[in-house]
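Counting starts at 1 for both ligands and their atoms, following the listed order.
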Amino acid sequence: MSYETITVEQRDAVTLITLNRPKALNALNSKVLEELTDAFAAYQADSSQLCAVLTGSGDKAFAAGADIKEMSEKAAADFYLEDFFSPWTSEIVKKTRKPWIAAVNGFALGGGCELAMMADFIIASENAKFGQPEIKLGVAPGMGGSQRLTKAIGKSKAMEMCLTGRMMGAEEAERSNLVARVVPHDELLDDAMNTAAQIASMPPMAAIANKEMVNAAFETSLDQGLIIERRIFQILTASEDKKEGMAAFVEKREGKWKGR
Ligand code: CAA
């Protein structure tokens with residue numbers, strides 16, 4: 001499938017998805033979100049693909065937000081009736097069970113920050129800048145920012161960022177647990193692709209299971225989360241990859257995964 005606003009490339013078992021509207025700082029219009037939803041569904045459906053990386057084209061931005069020009073022409077009733085943002089973003093989050101990484105190479109503002117926070121984790125370049133500046137436009141986050149940012153960095157910082165619209169640099173983002181790691185700008189894509197390749201080399205079903213249980217920590221009480229963890233762990237012990245992984249350890253060799 002060819003796209004207008006994104007590019008998709010498969011490098012061995014890793015899918016690289018690149019937002020490709022550099023002149024508009026990769027602003028997320030409905031076409032981008034529709035194509036992203038399709039690309040993530042294709043990634044999820046392709047059993048040869050075991051990890052994905054999402055990044056922005058150009059040197060300046062991951063994505064500078066939802067497309068303000070498009071939104072400026074829409075009526076409130078349309079936002080409401082179309083359940084704006086939900087048809088795309090909920091699909092990506094709920095249906096992508098396999099792991100994916102956001103490689104943030106510059107501005108990640110508004111919907112751009114929110115999209116990055118939908119990833120399983122973020123690797124940021126030294127140039128990355130995160131923010132929820134929607135308040136300056138007379139609105140507020142609409143793709144999960146008020147919830148995911150608060151869960152990631154805590155109330156005080158999230159509230160300050162939403163109320164002032166200020167940007168947070170990469171170093172502060174790492175210190176605040178918004179990103180997993182910060183790397184030199186020129187090394188970002190290689191670093192993210194290598195990390196994705198490392199994840200793709202793991203037993204695939206165990207990767208999905210690890211993702212599912214860490215995500216459960218955001219949705220449940222500790223007691224329920226611990227039950228979910230134990231049940232998933234117990235299910236994995238019945239997998240062929242568990243038998244192979246433990247045998248490979250004992251026999252001092254690399255495991256060969258079946259993904260089941
Ligand atoms: N939507 C549409 N176009 C955008 C855009 C956006 N979010 N962000 C940047 N652009 C466009 C600019 O209009 C400009 O286009 P033209 O050349 O045609 O004028 C081009 O990208 C380059 O941008 P700038 O000239 O502004 O670049 P800069 O380096 O001077 O500034 C910036 C960079 C600080 C990121 C600035 O572009 C900016 O503030 N962008 C808007 C950020 C924002 O408010 N994001 C939140 C959007 S609302 C949202 O996301 C809602 C939600 O919760 C989902």
Determine, for F107 and K60, whether the Lys NZ or Arg CZ falls below 6.0 Å from the six-membered ring centre while staying within 45 degrees of the axis. no
At under 4.0 Å between heavy atoms, is it the side chain or the backbone of Q132 that contacts ligand 1, or both, or neither? neither
Salt bridge or not for E70 and K74, using N-O below 4.0 Å? no
When you look for heavy atoms under 4.0 Å from ligand 1, do you find them on the side chain of A27, its backbone, both, or neither? side chain
Can you tell me if P141 has a non-hydrogen atom under 4.0 Å from ligand 1? yes
Once you restrict to heavy atoms under 4.0 Å, what part of P133 touches ligand 1? Side chain, backbone, both or neither. side chain
Honestly, for L28 the part within reach of ligand 1 (heavy atoms, under 4.0 Å) is neither
Near F79 CZ, under 6.0 Å, is it more than 12 heavy atoms from other residues, nucleotides or ligands? yes
Quick check: does any side chain N or O of E114 sit under 3.5 Å from a backbone N or O of G145, one acting as donor and the other as acceptor? yes
Is the shortest side-chain N to carboxylate O distance from K258 to D241 below 4.0 Å? no
Whether the side chain of T18 engages the backbone of N20 through a donor-acceptor N/O pair (distance < 3.5 Å, no angle test) should be reported. no
We want to know whether T37 and E34 form a side-chain donor-acceptor pair, criterion being a heavy-atom distance below 3.5 angstrom. no
What residue and heavy atom of the protein are closest to atom 38 (C) of ligand 1, and at what distance? L109 CD1, 4.8 Å
Could you see which bit of E70 sits under 4.0 Å from ligand 1, with heavy atoms only: side chain, backbone, both or neither? neither
Numbered in order shown, the ligand 1 atoms found under 4.0 Å of a heavy atom of K60 are 27 (O), 28 (P), 29 (O)
If you measure from each heavy atom of K23 to ligand 1, is any distance below 4.0 Å? yes
Right, does atom 24 (P) of ligand 1 have protein non-hydrogen atoms nearer than 4.0 Å? no
Ligand-residue contact atoms, ligand 1 with G111, heavy atoms, under 4.0 Å: 49 (C), 50 (O), 52 (C), 54 (C)
Taking only heavy atoms of G110 into account, list the atoms of ligand 1 that are under 4.0 Å away from them. 46 (C), 50 (O)
